[in-house]
Amino acid sequence: MTERTETPDGTRGEPGEGSVTDVASLPGGVPAAVEAVLLVVEEPVTEMQLATALEVPVQQVQEALAELMAEYDGYTGQGPEPGPTRRRGIELRNVAGGWRFYTRSEFAAVVGRFVLDGQSARLSQAALETLAVIAYRQPVSRSRVSAIRGVNVDSVVRTLVQRGLVADVATDPETGAVLYGTTPLFLERLGIGTVADLPKLSPHLPGLENLQDFDHTTY
Amino acid sequence: MTERTETPDGTRGEPGEGSVTDVASLPGGVPAAVEAVLLVVEEPVTEMQLATALEVPVQQVQEALAELMAEYDGYTGQGPEPGPTRRRGIELRNVAGGWRFYTRSEFAAVVGRFVLDGQSARLSQAALETLAVIAYRQPVSRSRVSAIRGVNVDSVVRTLVQRGLVADVATDPETGAVLYGTTPLFLERLGIGTVADLPKLSPHLPGLENLQDFDHTTY
Amino acid sequence: MGQDAHDDGGAPLALPEPEKAGRFEVRLDNFNGPFDLLLSLISKHELNITEIALAKVTDEFIGYIRAFSAAGDSFSLDEASEFLVIAATLLDLKAARLLPSGEVEDEEDIALLEARDLLFARLLQYKAFKEIARQLGTRLAEEAGRFPREVALEPRLAAMMPELTWRMSPSDFAAIAAKALEPREPAPTEVGIGHLHAPAVSVREQADIIGHRLREQGVLSFRQLTADAGSLVVVVARFLALLEMFRDMVITMDQAAPLGELTVRWSAGERDWSAERISEEYDQDVSPVMDENAEGGVRDRAN
């Protein structure tokens with residue numbers, strides 16, 4: 001995320017490198033751009049972050065957010081005849097200084113049923129092995145864990161994060177990849193004090209060094 | 001832990017164990033419920049899964065999806081005066097056999113700044129060729145892919161497996177060789193529904209329909 | 001018929017293209033294998049895939065292989081083998097074009113025709129996949145601009161997840177880690193060495209095996225000598241071993257027809273011969289690379 005254009009006043013500094021085309025001119029304009037960002041953010045996103053990314057004045061972001069919130073709540077401020085429309089299953093809320101999408105509480109039962117379907121109170125073997133690799137190789141990127149395990153681990157890592165056993169603890173300075181490590185909850189579950197208390201593995205797991213090579217193969 | 005009793009109007013009494021209130025009667029109805037579920041999915045969700053979670057007939061889910069897709073694309077089928085509305089920054093797509101929300105590609109530059117870990121490196125030429133052979137010849141062994149490309153493909157296949165684009169799907173009953181095929185993630189990344197939607201290979205293979213026979217004779 | 005061996009090509013082999021050729025950089029990783037190289041050469045000369053095209057680019061193709069082998073390090077055994085197979089076929093085809101044509105009667109001619117057709121077929125097939133791969137690449141790149149939602153559950157929903165009943169002793173957990181971190185064996189039936197820095201198969205060892213068998217049996221076909229090879233790499237290693245042994249004049253080889261059965265005969269009698277002496281050049285290629293690994297060469301690249 002570049003900090004480049006913190007121009008909340010609308011003078012929109014020189015776009016240059018990696019610049020965004022004028023979002024207001026794209027179909028859907030600023031509200032659509034805000035919507036797109038909101039779909040992918042993990043944490044509530046601030047108006048300033050949005051303004052910076054979109055390279056538009058904060059005020060435009062605020063207007064877009066207000067418009068979106070009304071729309072999602074079932075009021076349209078648009079068109080010749082503003083009036084109620086269908087209320088959406090998605091809610092746009094301002095929490096802790098930032099904005100994020102939530103499911104509407106009326107649908108909690110439906111959504112909960114969907115989310116819980118197939119969830120178990122136990123970790124799968126794949127999850128355990130992935131957890132073990134992260135514990136012993138932390139901080140470690142998902143691609144590295146994939147290389148070690150030989151399979152894609154994206155969804156398993158997400159589960160472990162969800163379960164609070166691992167968390168993103170750093171960012172690889174070179175690649176920008178998220179690095180994962182274990183959490184205090186993990187230590188608590190295992191009944192140890194620190195990561196250093198993990199039992200030592202045989203120091204000569206053959207060929208372990210070579211595994212690092214897989215991450216950056218040219219393919 | 002259940003939010004179940006947040007019935008908006010209070011009239012809807014005790015929902016028995018695990019049961020969901022009639023979603024069609026909630027504000028926003030079936031489309032809103034579908035929207036809410038789509039907000040939490042981690043992979044494309046099938047119409048059947050949605051129907052099960054919502055406890056409504058599949059047909060209602062299909063209608064709701066069609067309606068939502070049109071709305072997100074900027075057409076409203078609702079209200080007394082159907083007509084174009086603002087196109088949204090979110091797109092509802094039917095890929096890999098299911099439905100999922102995506103950001104619109106116009107906003108790739110803006111959204112990319114917020115997606116830290118999701119941007120996977122582009123595939124090399126070697127990886128693309130190997131992926132193509134696997135996609136069109138699946139299930140297929142590595143040696144057969146090697147024969148077609150004229151080079152050893154072991155490490156490329158390993159990379160593709162790690163990235164979740166191919167997986168071992170079977171074992172050759174005769175040779176015991178692992179057979180590879182493409183994954184749903186591959187379909188999703190290509191934005192297609194099934195392998196049958198891949199562009200046809202035949203225009204590129206004039207008069208060579210029986211080539212399969214040649215593959216094994218290489219070495 | 002008759003005398004003219006060039007009835008469809010005039011004097012095509014003499015076309016000058018020195019500066020054009022210079023534009024190709026001689027690096028193996030520019031090409032995805034022999035077909036890729038061959039297609040590049042054919043398209044450079046704006047030719048279709050025909051017999052003429054193959055005859056015409058044969059010399060260049062072989063020139064590149066020479067340059068690759070001279071460049072050394074990146075030209076590993078299994079890569080080399082396929083290049084060599086194709087180079088050999090090309091040479092055969094070119095040689096056949098230089099001879100008076102007409103009688104496609106004997107088995108050699110038929111074998112050559114088959115080899116040519118097979119090469120055409122494989123080349124065209126590869127070309128098709130190469131084109132499709134480019135389309136897939138374009139499509140993937142376009143789709144990469146769309147991001148799916150991939151975020152953690154909102155807290156209210158996360159709280160609904162069943163509580164984890166995960167209990168495990170540290171040593172149980174360590175056992176899982178040890179297993180997960182263990183380098184996995186390559187899947188059966190195929191041995192990949194592309195990722196290794198040292199060949200997994202030693203030519204010296206293979207020569208030793210061959211030497212023993214030939215001393216015992218006297219005469220064996222190449223097929224028999226490689227029947228238990230298990231992987232292409234071993235076959236190639238055994239073939240290289242045979243070449244070395246031939247140079248050492250401990251065997252003779254006989255092949256009745258191109259692509260025919262290769263018969264290998266032990267010719268050194270009871271003479272004292274050891275596989276030890278033939279393998280120096282392979283060892284020399286290998287050991288510096290391994291040292292580099294030991295010094296952390298791999299790590300440097302990975303980090």
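Just so you know, these numbers come straight off a predicted model, no measurement behind them. Chain A is the first sequence line, chain B the second, and so forth, proteins listed ahead of strands; every chain is numbered from 1.
Of the residues considered (B:Arg104, B:Glu42, B:Glu91), B:Glu42 shows the highest number of contacts with chain A, using heavy-atom pairs under 4.5 Å. When each of A:Ile90, A:Val41, A:Asp154 is scored by its heavy-atom pairs under 4.5 Å with chain B, the top score falls to A:Ile90. Between chain A and the options B:Pro31, B:Gly29, B:Ala167, heavy-atom pairs under 4.5 Å are most frequent for B:Pro31. Of the listed residues B:Gly164, B:Gly89, B:Ala108, the one with more heavy-atom pairs under 4.5 angstrom with chain A than any other is B:Gly89.
Side-chain polar atoms of B:Gln138 and B:Thr182 form a donor-acceptor pair below 3.5 angstrom.
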Item to check | Test side chain to side chain donor-acceptor pair (under 3.5 Å) applied to A:Tyr72 and B:Glu35, step by step | outcome: CA-CA 11 Å; A:Tyr72 281 87; B:Glu35 246 175 342; over 6 Å; no
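For chain B, the nearby parts of A:Val37 are the backbone and the side chain; heavy atoms of each come within less than 4.5 Å. The part of B:Thr52 that comes within reach of chain A is its backbone (N, CA, C, O), which places non-hydrogen atoms under 4.5 angstrom from that chain. With a 4.5 Å cut-off on non-hydrogen atoms, A:Leu38 does not touch chain B at all. With a 4.5 Å cut-off on non-hydrogen atoms, A:Val34 does not touch chain B at all. Contact of A:Arg149 with chain B is not made at all, since no heavy-atom distance falls under 4.5 Å.
Under the side chain to side chain contact (heavy atoms under 4.5 Å, CB included) rule, A:Leu160 has a single partner from A:Val153, A:Leu128, A:Leu165, which is A:Leu165.
Interatomic distance, B:Glu43 CD to A:Ser155 OG, rounded to the nearest 0.5 Å: 7.0 Å.
Within the cation-pi definition used here (under 6.0 Å to the ring centroid, within 45° of the axis), A:Arg100 qualifies as a partner of A:Tyr102.
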